[in-house]
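The structure under discussion appears below in the form of structure tokens.
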There are 2 protein chains.
Amino acid sequence: MKDEDSKGIRLSRQRETILAELRKVKTHPTADEVYDMVRKILPRISLGTVYRNLDTLSNRGVVLRLGGAGTQKRFDGNPAAHPHLRCSVCGRVDDLEWPFALPDLPVEHSMGYVDLRCDVEYVGICPTCAGKNN
Amino acid sequence: MKDEDSKGIRLSRQRETILAELRKVKTHPTADEVYDMVRKILPRISLGTVYRNLDTLSNRGVVLRLGGAGTQKRFDGNPAAHPHLRCSVCGRVDDLEWPFALPDLPVEHSMGYVDLRCDVEYVGICPTCAGKNN
DNA sequence: CTGCGTGCAAATGGTTTGCATCCAC
DNA sequence: GTGGATGCAAACCATTTGCACGCAG
């Protein structure tokens with residue numbers, strides 16, 4: 001179904017570049033950071049366009065929008081649900097390489113919610129930030 | 001330790017009321033909603049004060065600040081980590097009454113992060129929002 | 001051609017902050 | 001009495017949006 005959704009997508013140079021850049025990195029950049037990355041290739045792109053495209057892409061399930069506790073949203077080129085590590089100090093997000101089964105929610109506990117997916121985040125302090133305070 | 005932290009806390013009428021109101025409800029109100037609730041009791045309280053207190057209380061671990069994927073943060077009078085259900089349409093958050101063990105992250109996978117806690121959220125569409133579209 | 005996508009800039013909206021005053025301890 | 005807490009309003013900043021033009025299909 002993901003391919004279904006991507007089918008109807010119009011492929012502008014901007015959108016193409018944003019997606020390519022996002023898939024190139026292993027970090028989880030904010031819209032601002034994506035803007036900076038893409039601007040090196042398309043200097044005339046606007047921040048609004050970056051926001052619009054990140055929105056479109058995440059709605060189509062091509063990329064992942066990470067809620068996060070910070071104010072800024074972060075984006076992940078890998079659209080599959082997978083657990084993350086997030087630093088509560090600097091907001092940095094890392095992929096967690098630990099294949100543990102995300103438990104499916106029994107229907108009798110879903111309280112009428114549908115289309116559920118499971119979001120798991122381990123929140124703590126990253127090595128860099130932990131080092132500064134010690 | 002929760003009591004330890006709360007010890008040093010100054011107990012103004014505003015802070016007291018905010019905490020009491022937050023504990024009174026089972027919803028997970030936004031700062032705005034807390035403001036509305038508290039204003040009925042303390043009509044002269046300012047939104048800034050509500051934000052400052054929610055910040056203080058969550059930093060001390062007295063209440064829980066929920067990251068959520070939406071823009072607004074929500075708050076939970078129950079400071080213990082527990083899984084939530086979140087509606088991706090309206091942003092509503094419910095407590096999930098399903099005691100499954102939040103998996104502890106093995107140190108060898110923590111990538112240097114410390115003080116980790118696990119945040120589990122099932123994201124879907126709530127009964128109300130699902131009903132509207134069908 | 002047609003309409004979606006873009007650049008630009010202004011508008012939004014949640015959250016934070018500076019400052020003088022107030023009150024809990 | 002004293003420093004943290006408050007009310008108010010302005011400041012911030014990430015994100016969104018209106019509009020006229022441009023380009024992909």
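Worth saying up front: this structure is predicted, and the values here are computed from it rather than measured. Worth knowing before you read on, the calculation uses all heavy atoms, side chains too, and leaves out hydrogens, waters and symmetry mates.
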Let me know the distance between [atom1] of [X] and [atom2] of [N], rounded to the nearest Å.
{"X": "Tyr51(A)", "N": "dG18(D)", "atom1": "OH", "atom2": "C1'", "answer": "18 Å"}
{"X": "Tyr35(A)", "N": "dT15(D)", "atom1": "OH", "atom2": "C1'", "answer": "14 Å"}
{"X": "Leu66(B)", "N": "dT15(C)", "atom1": "CG", "atom2": "P", "answer": "12 Å"}
{"X": "Glu33(A)", "N": "dT15(D)", "atom1": "CD", "atom2": "P", "answer": "11 Å"}
{"X": "Lys73(B)", "N": "dG13(C)", "atom1": "NZ", "atom2": "P", "answer": "18 Å"}
{"X": "Asn53(A)", "N": "dT17(D)", "atom1": "CG", "atom2": "C1'", "answer": "15 Å"}
{"X": "Arg44(A)", "N": "dG22(D)", "atom1": "CZ", "atom2": "C1'", "answer": "12 Å"}
{"X": "Gln14(A)", "N": "dA24(D)", "atom1": "CD", "atom2": "P", "answer": "8 Å"}

Next on the checklist: If you assign Thr56(A) and Thr49(B) each to the DNA chain C nucleotide with the nearest heavy atom, which residue ends up on the more 5' nucleotide?
Outcome noted: Thr56(A)
Next on the checklist: Is Ser46(B) close enough to dT6(D) that one of its side-chain N or O atoms is under 4.0 Å from OP1 or OP2 there?
Outcome noted: no
Hey, are [X] and [Y] close enough for a salt bridge, meaning a charged N less than 4.0 Å from a carboxylate O?
{"X": "Asp119(B)", "Y": "Arg117(B)", "answer": "yes"}
{"X": "Arg52(B)", "Y": "Asp55(B)", "answer": "no"}
{"X": "Lys24(B)", "Y": "Glu21(B)", "answer": "yes"}

Next on the checklist: What I'd like to find out is whether the side chain of Leu116(A) reaches to under 4.5 Å of the side chain of Leu85(B), using heavy atoms alone.
Outcome noted: yes
Next on the checklist: Taking the axis from the first five pairs and the axis from the last five, what angle separates them in the helix from dC1(C)-dG25(D) to dC25(C)-dG1(D), rounded to 10 degrees?
Outcome noted: 50°
Next on the checklist: Both Gly48(B) and Ser12(B) contact DNA chain D. Which one's nearest nucleotide lies toward the 5' end?
Outcome noted: Ser12(B)
Item to check | Geometric class of the His28(A)/His82(A) ring pair [parallel <30°, tilted 30-60°, perpendicular >60°] | outcome: tilted
Next on the checklist: Given Phe75(B), which partner from the list Thr27(B), Thr30(B), Leu57(B), Leu22(B) fulfils the side chain to side chain contact (heavy atoms under 4.5 Å, CB included) test?
Outcome noted: Leu22(B)
Would you classify [X] as touching base, sugar-phosphate or nothing, given that sugar-phosphate means primed atoms plus P, OP1 and OP2, and contacts are heavy atoms under 4.0 Å?
{"X": "Arg52(A)", "answer": "base"}
{"X": "Asp55(B)", "answer": "nothing"}
{"X": "Leu47(A)", "answer": "base"}

Item to check | Distance-only donor-acceptor test (3.5 Å): side chain Arg10(B), base dA24(C) | outcome: yes
Next on the checklist: Of the options dG7(D), dG5(C), dG25(D), whose atoms approach the side-chain atoms of Arg15(A) most closely?
Outcome noted: dG5(C)
Checklist entry - Which is it for Asp94(B) and His84(B) under the side chain to side chain donor-acceptor pair (under 3.5 Å) test, yes or no, and what are the steps along the way? => result CA-CA 6 Å; Asp94(B) 285 300; His84(B) 291 104; over 6 Å; no
